[in-house]
**Student:** 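My questions all concern the structure below.
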2 protein chains.
Amino acid sequence: MNTREEVLDFVHHGAERFLPHLSIDCAIFGYHDHDLKTLLIRHHGQENWSLPGGYIGRHETLTEAAHRILAEKTQLTGLFLQQFYTFGDSATRMNRIKTEQTHNTTYSKVGVTLSPDHWLSERTLSIGYYALVDYLQVVVTPEFLVDDYCWLNVADIPRELVYDHNEIIQKALLTLRAHIFQQPIGYNLLPDKFTLPEIHSLYETILCKQIDRRNFRKKLLTLGLIRQLDEQRKIGPHRSPFLYEFDLDNYSRALEDGSILSF
Amino acid sequence: MNTREEVLDFVHHGAERFLPHLSIDCAIFGYHDHDLKTLLIRHHGQENWSLPGGYIGRHETLTEAAHRILAEKTQLTGLFLQQFYTFGDSATRMNRIKTEQTHNTTYSKVGVTLSPDHWLSERTLSIGYYALVDYLQVVVTPEFLVDDYCWLNVADIPRELVYDHNEIIQKALLTLRAHIFQQPIGYNLLPDKFTLPEIHSLYETILCKQIDRRNFRKKLLTLGLIRQLDEQRKIGPHRSPFLYEFDLDNYSRALEDGSILSF
DNA sequence: CCAAAAGTGTTCCCACTACACCCATGT
DNA sequence: ACATGGGTGTAGTGGGAACACTTTTGG
């Protein structure tokens, strides 16, 4: 929704195209150079940051909706995207705490006031997804109602996101840290060929702890999750690191066998 | 909904009390004596079995709704109940495959034909929960539209449940097996005091594999998850087994430390 | 030659595995 | 006495953790 007209059409006819009472919120994690960041946006007239989100089209599957929403925010397709929980408990989400006011501030940009029985004012449950991207590849193009966006280190996320978005992002992080042992998460955050220090630092960043380099390499190689290549990368005035690539076949086989990483 | 009147009221006025487009489905796992069973129901006029489910009241939280639905089916409260996934992809769930017919067969019991735009005919996403109960304690009281119910061993679940319920139950099982290593699942399926053979058999049943008795005991005691008591239980013409109880404090501490069971 | 980063091997120990015999109880 | 089920200990091993020096490279 990049123009006033699109927004107005959404407000007035969105209920015909989208399912009411349900939304999708995405915790988009971007990794780069020892930092794990999340994409936050701020809607027009709102003080607090939000997770990017959207609604589910009446004729698209849930998975399709999540990918579409992610693509609208990042312009990237085919990303790693994973559902992790559905939120329907918090007081803000129950409309027990009045949030129409802030909501209305946003839509006042297009000269609309939402009545309490407008579909956008109704109680909405949210299905949480998390995505992994290389945030240097992402070109964020804020939509019409979005005043601002930022990539924040997960440690620096403010305590006051809108609604229950703090809860959502905390659960996303926990899920990500649990999944890193069971999914080829690095595959989605690293280039096809990467160096050992790169993947090592990725794991250290996501898990917030130090991992012994030698043991790390040994384990990944022993399990056959990565393959060492003959090439090296030039990195300036230092020794050239070798390149590696993922062995996805082995990865999936290892997962089926129940082999599990741990550090 | 135990009378014709209640059902009629639900059909005609349910949309005022419940959120449309959303339901909850519960995989209710009952354990007893080496068997892991699931509660299935068959709605009036339907050939295939379903998971028990229900809708979310407009003024109750998601968690409250799940507990209420579970209590309606089992008459038990305070059970272990865990959300695990939200389903919105399958063709049946997209209304791409016509299921109104079967749906209508059910409601024909109260003389109602649902139009395609009736709220019960619309596309509905389902939030999956799984629960753990001792099925000997459960008194199933089928509702008005339920013709039949059964406890089936999870290995014997027919391949043709309604909608995507096979998918839901498979995911529930996978989640249960993953959670057994990280949650005091036995706590919800065993009496406060239990014998070692009891908890041992529970784990073997859920994980579908044999576990060495001695190693099993050693691990649970070493991690401090259970405490041996001074009491024994009389079990007829055999040696009296000792009783144990869970040490929930230690359990949560172990989880925070990241200690994890494995067998 | 120096600074910065990457490469690599060994030891130790704990935790998991495998395994079998004795004991208690009621009939 | 016996049938049934419960209780218990040890030895061996494999995988994880800890640990430091050498090599490469460009400036």
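Below, read A as the first sequence line, B as the second, and so on, with proteins coming before strands; counting in each chain starts at 1.
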**Student:** Does A:Lys219 place a side-chain N or O at less than 4.0 Å from the phosphate oxygens OP1/OP2 of D:dG15?
**Tutor:** no
**Student:** Hey, mind stepping through B:Arg68 and B:Glu72 against salt bridge (Lys or Arg N to Asp or Glu O under 4.0 Å) and telling me if it holds?
**Tutor:** CA-CA 6 Å; B:Arg68 172 183 53 76; B:Glu72 285 169 3; 2.9 Å; yes
**Student:** Taking 4.0 Å as the cut-off, does a side-chain nitrogen or oxygen of A:Arg217 come that near to OP1 or OP2 on C:dT8?
**Tutor:**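 Checking C:dT8 against A:Arg217, a side-chain N or O does come within under 4.0 Å of OP1 or OP2.
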**Student:** Would you name the heavy atoms of B:Pro158 and B:Leu40 that are closest together and state the gap between them?
**Tutor:**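 Smallest heavy-atom distance, with atoms named: CD-CD1, 4.4 Å.
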**Student:** What is the distance, to the nearest angstrom, from the CG atom on B:Leu221 to the P atom on C:dA15?
**Tutor:** 15 Å
**Student:** In whole angstroms, how far is the C1' atom of D:dT25 from the CZ atom of A:Arg233?
**Tutor:**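 Whole-Å distance recorded here is 16 Å.
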**Student:** Take atom CG in B:Asp156; do more than 12 heavy atoms of anything else shown fall under 6.0 Å from it?
**Tutor:** yes
**Student:** Which is more 5' along DNA chain D, the nucleotide nearest B:Leu243 or the one nearest A:Ile235? Just name the residue.
**Tutor:**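 Going by which nucleotide is closer to the 5' end, it is B:Leu243.
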**Student:** Give every pair of a protein N or O atom and an N or O atom of nucleotides 19-22 of chain C that lie under 3.5 Å apart, one pair per line with the distance.
**Tutor:**
{"residue": "C:dC19", "atom": "N4", "partner": "B:Asp212", "partner atom": "OD1", "Å": "3.4"}
{"residue": "C:dC19", "atom": "N4", "partner": "B:Arg214", "partner atom": "NE", "Å": "3.2"}
{"residue": "C:dA20", "atom": "N1", "partner": "B:Arg214", "partner atom": "NH1", "Å": "3.1"}

**Student:** Report the distance from atom CZ of A:Phe242 to atom P of C:dA5, rounded to the nearest whole Å.
**Tutor:**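 It works out to 19 Å between those atoms.
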**Student:** Let me know which of B:Leu173, B:Leu132, B:Leu202 forms a side chain to side chain contact (heavy atoms under 4.5 Å, CB included) with B:Leu36.
**Tutor:** B:Leu173
**Student:** The criterion is ring-ring contact (aromatic ring centres under 6.0 Å, His included); which residues satisfy it with A:Phe194, sequence neighbours excluded?
**Tutor:** A:Phe246
**Student:** To the nearest Å, how far apart are B:Gln228 CD and D:dT8 C1'?
**Tutor:** 11 Å
**Student:** Is it the case that B:Thr63 and B:Thr61 place a side-chain donor and acceptor less than 3.5 Å from each other?
**Tutor:** no
**Student:** Test of understanding: with ring-ring contact (aromatic ring centres under 6.0 Å, His included), list the residues that count as partners of B:Phe216, not counting sequence neighbours.
**Tutor:** B:His200, B:Tyr203, B:Phe263
**Student:** How many Å lie between CD1 on A:Ile211 and C1' on C:dA6, as a whole number?
**Tutor:** 17 Å
**Student:** Side chain of B:His238 only, heavy atoms from C-beta on: which candidate in D:dT4, D:dG7, D:dG26 is closest?
**Tutor:**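 The listed nucleotide nearest to B:His238's side chain is D:dT4.
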**Student:** Rounded to whole Å, please give me the gap between CG in A:Leu220 and C1' in D:dG15.
**Tutor:** 15 Å
**Student:** Rounded off to whole Å, could you give me the NZ-to-C1' distance for the B:Lys234 and C:dA24 pair?
**Tutor:**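 The distance from NZ of B:Lys234 to C1' of C:dA24 comes to 9 Å, rounded to the nearest Å.
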**Student:** Provide, to the nearest angstrom, the distance between the CD atom belonging to B:Gln210 and the P atom belonging to C:dC16.
**Tutor:**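 Distance, rounded to whole Å: 20 Å.
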